[in-house]
Amino acid sequence: MMPLSRFTVLDLTRVRSGPTCVRQLADWGANVIKIEATDEVDTGKGLGGERDGPDFQHVHRNKRGMTLNLKSPEGLAAFRRMVAKADVVVENYRPDVKTRLGVDYDSLAAINPRIVLGSISGFGQDGPYAKRPGFDQIAQGMGGLMSVTGLPGQGPVRAGIPVADLTAGLYCALGIMVALLEREVTGKGRWVHVSLLEAMVAMMDFQATRWTMKHEVPKQAGNDHPTTIPTGLFRTSDGVMNIAGGGQVMWDRIVKVLGIQEEAKDPDIATDKLRSQNRVKVNAIIERVTQTDTSANWVAKFNKEGVPCGPVYSMDQVFADEQVKHLGLEMTVQHPRLGALNVVRAPMQIAGVDCAKNPTPERGQHTEEVLAEFGFSAEEIAALKAAKAV
């Protein structure tokens, strides 16, 4: 039995942030039911890419799928009946939409006081921006990430992944688990809500607290770490590599590996603080030597002395790496129509249990099966079909 198999989750989410949240629960065995609109009201939007494509097949794995028209009285009634037996509902509508549909927390809790509602929005459930549409890159900009990403003087640069979407999903999943743990004591559910903006500001972490505590405005540092020197990207004879060597102990090890004992006597770089102030000089000294050998050879030499370092991979190189292979980060699921699909497994490892390996469901694949499990009779299911509610 999987760790979360006792929980039933009704998934109303679309695109990426919400589905990412729900996938954290699905990967560990929660009974997740992905609810999509019926053919009559489906706009084809909100998939987050082609249904058969990598994005959709990755983010919706380990769920079962059904269709339900929440805009019809019959469909909404069926959903409310399902809520009575569910543990969690997750949605990422704009805040006003859930109230209009009748799937807000107060409405759901009136049906089932134990229900946990997870909500993800762009900017929060209230406030001056609450009704604005949210998008990952907008949150990256407003949360400060783009102001510190990129080379000095380059201007704002977005991250290469939808970091606001992904982290909002992760924070929401964590909040849902907190609410479920509390429910074991109180018997009552909670409304857990996260926004892309809140998640992005939280992910700014020490960069954000440099402002809140000291009123320092972080700047772009490019490939150099903003506070730990020398930590950055260095050219080698066949490419580039990362070295992370903050602190005196690590600096001494770097000096030894590179054989730059004489250069290290320069009073401008004698201490950690001085190296931080003169990072251009420090980097130049290091790079003059790293360019004389290959990345692989330097990685071996630095690791032998305990200096954190590593190559810079493209995605094909990532999955060719022996440690990535050993960790089994590429996971195969068997799709009945598309065949074997390789996706990325959940990154945490829980001793004695594996991440679930079920494919993303076809649209509406399990509608009748799920309704029957929730106590709908064959006649009631037929009536829902006739009303075009499923």
Side-chain angles (χ1 to χ4, degrees), residues 13 15-21 23-24 48 59 90 92 94-95 118-179 192-233 242-247 272-273 275-277 279 283 308 310 312 344 346-348:
T13 66
V15 191
R16 184 173 290 104
S17 63
T20 295
C21 166
R23 195 189 73 219
Q24 311 313 308
V59 82
V90 186
N92 59 340
R94 287 200 315 271
S119 299
I120 302 176
S121 62
F123 299 97
Q125 296 297 317
D126 49 33
Y129 301 165
K131 293 185 179 180
R132 288 187 181 183
F135 192 78
D136 174 85
Q137 188 160 336
I138 308 304
Q140 287 194 34
M142 294 179 67
L145 177 62
M146 292 176 67
S147 73
V148 299
T149 304
L151 300 172
Q154 181 179 7
V157 178
R158 73 173 181 87
I161 59 170
V163 63
D165 278 341
L166 297 177
T167 53
L170 292 172
Y171 280 126
C172 190
L174 177 60
I176 288 169
M177 293 303 297
V178 170
V192 177
H193 49 90
V194 179
S195 68
L196 303 188
L197 181 59
E198 288 168 295
M200 195 67 267
V201 173
M203 285 299 292
M204 293 305 293
D205 199 65
F206 76 95
Q207 295 281 48
T209 50
R210 287 172 68 185
W211 167 254
T212 60
M213 290 182 63
K214 295 186 175 181
H215 281 192
E216 293 178 3
V217 178
K219 303 294 184 183
Q220 289 170 309
N223 293 311
D224 290 326
H225 191 279
T227 59
T228 303
I229 311 301
T231 296
L233 192 69
N242 278 310
I243 302 172
D272 207 36
K273 183 177 181 180
R275 286 190 291 275
S276 181
Q277 294 172 356
R279 68 168 65 199
N283 289 350
V312 177
V344 181
M348 68 285 274

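These numbers were taken from a predicted model, which means no experiment stands behind them. Numbers for residues simply follow the sequence, beginning at 1.
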Asks: With rounding to the nearest 0.5 Å, note down the distance linking CD in Gln207 to CD in Glu216.
Replies: 9.5 Å
Asks: Identify the heavy atoms of Arg16 and Leu166 that sit nearest to each other, and give their distance.
Replies: CD-CD2, 3.8 Å
Asks: What closest approach, in Å, do Asp272 and Ile229 show between heavy atoms, and which atom pair accounts for it?
Replies: OD1-O, 3.5 Å
Asks: Taking everything shown except Met203 itself, do over 12 heavy atoms lie less than 6.0 Å from its CE?
Replies: no
Asks: Does Arg279 come within less than 4.0 Å of Asp224, counting only side-chain N to carboxylate O?
Replies: yes
Asks: Would you say the side chain of Pro95 lies within less than 4.5 Å of the side chain of Asp126, judging by non-hydrogen atoms?
Replies: no
Asks: Determine the minimum heavy-atom distance between Thr149 and Arg158, stating which atoms define it.
Replies: CG2-O, 4.3 Å
Asks: Nearest 0.5 Å, please: how far is CD in Gln140 from CE in Met200?
Replies: 6.0 Å
Asks: How many angstroms lie between atom OG of Ser121 and atom CD of Glu198, to the nearest 0.5 angstrom?
Replies: 7.0 Å
Asks: Kindly give the heavy-atom pair with the smallest separation between Gln220 and Ser147, and that separation in Å.
Replies: CG-O, 3.2 Å
Asks: Just so I know, are the side chains of Ile138 and Arg132 near enough to count as touching, which here means a heavy-atom distance under 4.5 Å?
Replies: no
Asks: With a 4.5 Å limit on heavy-atom distance, are the side chains of Ser17 and Leu196 in contact?
Replies: yes
Asks: Do Met142 and Tyr129 have side chains that approach each other closer than 4.5 Å (heavy atoms only, starting at C-beta)?
Replies: yes
Asks: Can you tell me how far apart OG1 (Thr167) and CG (Asp136) are? Round to the nearest 0.5 Å.
Replies: 8.0 Å
Asks: Of all the heavy-atom pairs spanning Thr13 and Asn92, show the shortest one and how long it is.
Replies: CA-OD1, 3.2 Å
Asks: In terms of the angle between their ring planes, are Phe206 and His225 parallel, tilted or perpendicular, with boundaries placed at 30° and 60°?
Replies: parallel
Asks: What is the minimum heavy-atom distance between Cys21 and Ile120, and which atoms define it?
Replies: CB-CD1, 4.1 Å
Asks: So do Pro226 and Arg210 actually touch side chain to side chain, heavy atoms under 4.5 Å?
Replies: yes
